[in-house]
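Notes follow once the structure below has been shown.
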Amino acid sequence: MPSYKLTYFKHWGRAGVLRLLFAAGGIEFEDVRIEREQWPELKPKTPMGQIPILEVDGTIICQTKAIGRLIAKEAGLAGKTPLEAAQVDMIVDGLSDLQVKIVDFFIEKDEKKKQEKIKEFAEKTLPMFLDTYEKLANSSGHFVGDALTWADVDFFSLMFFLKDHLPNDPLKGHVNLTKVRDNVTSNPGIAAWMEKETSH
Amino acid sequence: MPAYKLTYFNARGRAEPIRLLFAAAGIKYEDARIEGADWPALKPKTPMGYLPILEVDGTTLCESTAIARFVAKRAGLVGKDDLQQAKADMIVDGMKDILKKLILMVLEKDEIKKEELKTDISEKTLPEFLSKYENLANPSGFFVGDSLSWVDVTFYNLIERVRAMFPGDHLKGKPNLVKVMANVKANPGIAKWVKERPESAF
């Protein structure tokens, strides 16, 4: 097994899902979490001036989804066939389309504008997205096939990130998506990881 | 041999990298192009409400990068092992930011804002991006390994889109990237497709 070193800030952000994938796969990794002040010195050493980065046996990979796919493959969570892999990729890409909209309100500095954007997101954008994704998930609570994949974990990760920014549980009324969330949180590796992450 | 049906508008747009990959690999597919008027009826039948979609083996895929990667795998153009494939994925994903900025600029209706965005792209974002990517490509003109991959093809398509919006010799002083473009154009399947493909505005 190769050696893995993941570097990101402390918070959930873009690396949350990556840490979950390692946990789900029972894969050892060095979980480096840097302070904001350390970032300027590290930045020029990264391939594209961004984190997260994953160092694997001396090679540095950036771009969250590229890293996610690599870990998912190692963990057996990337789909069982090339077609399933493409379905996993498509679900993950759709989630990152939503994430762009989240980042947009997250980084808004004008407080009034920020609240307007959050309102639009919570009342319009997110419900529309979840209606689409409810149809893409199956009744056993998986996006692809009948087993856990990176698509399910990524969905959970984004919902987990959002829960502190929304007044209500957005998955209420979405039966399949609630099952996806349950399947992810009951994965033993993930359950143990979440227990550690959320207890402080 | 499975049947592939790619559906998009009559445009290069987000579907062109996929078409180029089919061409590079010599894989036959149905290149379905719909009129704008036909879109509302089709939209609810797509997985996420947008195009392109690829129908294959009874399944419908969306998201152009996911589709491109799937076709590239079938074509043997993804990289020889997981780590090379991850490197390929990272370099493809890195192109999204600049593409997003280009699209925002094209869609901007306010003329003054549009000029500001144009200047920002041509004087800052584009040169920075190209410097970074010159370092990611190797001197033989490949982004991953020593042969053509979907990264090279995707990059070629991006530069063609950039050139359409910003005429100029952007790759001056970037020999690795110039070689990438040449390698892609020299692929017989791609050369034939570029010559024969339907004309469209974008």
Side-chain angles (χ1 to χ4, degrees), chain A residues 1-2 4 14 44 46-50 52-75 78-79 81-98 100 103-104 128-133 135-137 143-145 151, chain B residues 2 4 14 18 43-50 52-76 78-79 81-98 100 103-104 128-129 131-133 135-136 143-144 151:
Chain A
M1 178 156 300
Y4 296 105
R14 292 181 185 280
T46 65
M48 296 184 190
Q50 297 165 324
I53 53 169
L54 182 72
E55 291 165 74
V56 192
D57 289 348
T59 302
I60 302 180
I61 304 292
C62 67
Q63 292 289 337
T64 310
K65 288 186 287 184
I67 298 170
R69 188 170 300 103
L70 184 63
I71 307 168
K73 278 182 200 174
E74 183 72 39
T81 63
L83 192 54
E84 279 197 0
Q87 289 174 294
V88 172
D89 287 346
M90 130 186 155
I91 301 288
V92 167
D93 278 352
L95 284 163
S96 71
D97 290 344
L98 185 72
V100 169
V103 170
D104 187 47
M128 262 175 61
F129 176 87
L130 293 176
D131 283 347
T132 302
Y133 267 54
K135 296 194 191 96
L136 292 172
F143 282 109
V144 181
Chain B
Y4 298 98
R14 289 185 186 281
I18 301 164
K43 189 176 158 108
K45 300 179 188 168
T46 64
M48 295 184 194
Y50 42 76
I53 56 171
L54 183 74
E55 292 165 76
V56 55
D57 294 349
T59 303
T60 303
L61 299 173
C62 66
E63 289 286 353
S64 57
T65 309
I67 297 171
R69 185 180 300 101
F70 174 75
V71 174
K73 251 189 232 176
R74 288 268 160 112
V78 286
D81 56 34
D82 284 351
L83 198 53
Q84 258 201 13
Q85 288 168 24
K87 202 173 159 226
D89 287 342
M90 131 185 148
I91 300 173
V92 168
D93 279 353
M95 294 189 228
K96 292 211 164 122
D97 289 339
I98 189 141
K100 200 167 82 166
I103 292 172
L104 280 173
E128 280 175 11
F129 167 80
S131 290
K132 220 190 301 172
Y133 272 57
N135 292 333
L136 289 170
F143 280 106
V144 179
V151 193

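Each chain gets a letter, A, B and so on, in the order its sequence line appears, and its residues count up from 1. Computed from a prediction, not measured in an experiment: that's the story for all the values here.
At a 4.5 Å heavy-atom cutoff, the contact between B:Asp97 and chain A is made by side-chain atoms alone. Contacts of A:Val88 with chain B are absent, with no heavy-atom separation under 4.5 Å from either backbone or side chain. Proximity to chain B involves both the backbone and the side chain of A:Pro47, based on heavy atoms less than 4.5 angstrom apart. Heavy atoms closer than 4.5 Å to chain A are found in the side chain of B:Gln85, but not in its backbone. When heavy atoms are compared at a cutoff of 4.5 Å, A:Asp97 approaches chain B solely by way of its side chain, counted from C-beta outward. In this structure, the portions of B:Lys87 lying under 4.5 Å from any heavy atom of chain A include both its backbone and its side chain. Heavy atoms of B:Leu136 lying under 4.5 Å from chain A belong exclusively to its side chain. Proximity to chain A is limited to the side chain of B:Tyr133, based on heavy atoms less than 4.5 angstrom apart. Contact annotation for A:Glu74: neither backbone nor side-chain heavy atoms come within less than 4.5 Å of a heavy atom of chain B. Residue B:Thr60 touches chain A through its backbone alone, counting heavy-atom pairs closer than 4.5 Å.
Here the CE atom belonging to B:Met90 is positioned 8.5 Å from the CD1 atom belonging to A:Ile60, to the nearest 0.5 angstrom. Atom-to-atom distance recorded for A:Leu70:CG and B:Asp82:CG is 6.0 Å, nearest 0.5 angstrom. Within the model, atoms CD1 of B:Ile91 and SG of A:Cys62 stand 8.5 Å from one another, a figure rounded to the nearest 0.5 Å. The line from SG of B:Cys62 to CD of A:Gln87 is 10.0 Å long, rounded to the nearest 0.5 Å. Rounded to the nearest 0.5 angstrom, A:Phe129 CZ and B:Met48 CE are separated by 7.0 Å. If you take CG on A:Leu83 and CG on B:Asp57, they are separated by 6.0 Å, rounding to the nearest 0.5 Å.
Across all their heavy atoms, B:Pro47 and A:Met90 have their closest contact at CB-CE, 3.9 Å. Minimum heavy-atom separation, A:Ala86 to B:Ala66: O-CB, 3.9 Å.
In terms of non-hydrogen atom pairs under 4.5 Å with chain A, the most contact-rich of B:Leu83, B:Asn135, B:Thr59 is B:Leu83.
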Inset, instruction - Take A:Lys65 and B:Thr65 through the test side chain to side chain contact (heavy atoms under 4.5 Å, CB included) and record every step on the way to the result. - result: CA-CA 11 Å; A:Lys65 288 186 287 184; B:Thr65 309; over 6 Å; no

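Legend: salt bridge (Lys or Arg N to Asp or Glu O under 4.0 Å) pairs involving residues 61-70 of chain B, not counting sequence neighbours, sorted by first then second residue: A:Asp89-B:Arg69, B:Arg69-B:Asp89.
In this structure B:Phe70 satisfies the ring-ring contact (aromatic ring centres under 6.0 Å, His included) test with no other residue, sequence neighbours excluded.
Heavy atoms of other residues, nucleotides or ligands lying less than 6.0 angstrom from NZ of B:Lys132 number more than 12.
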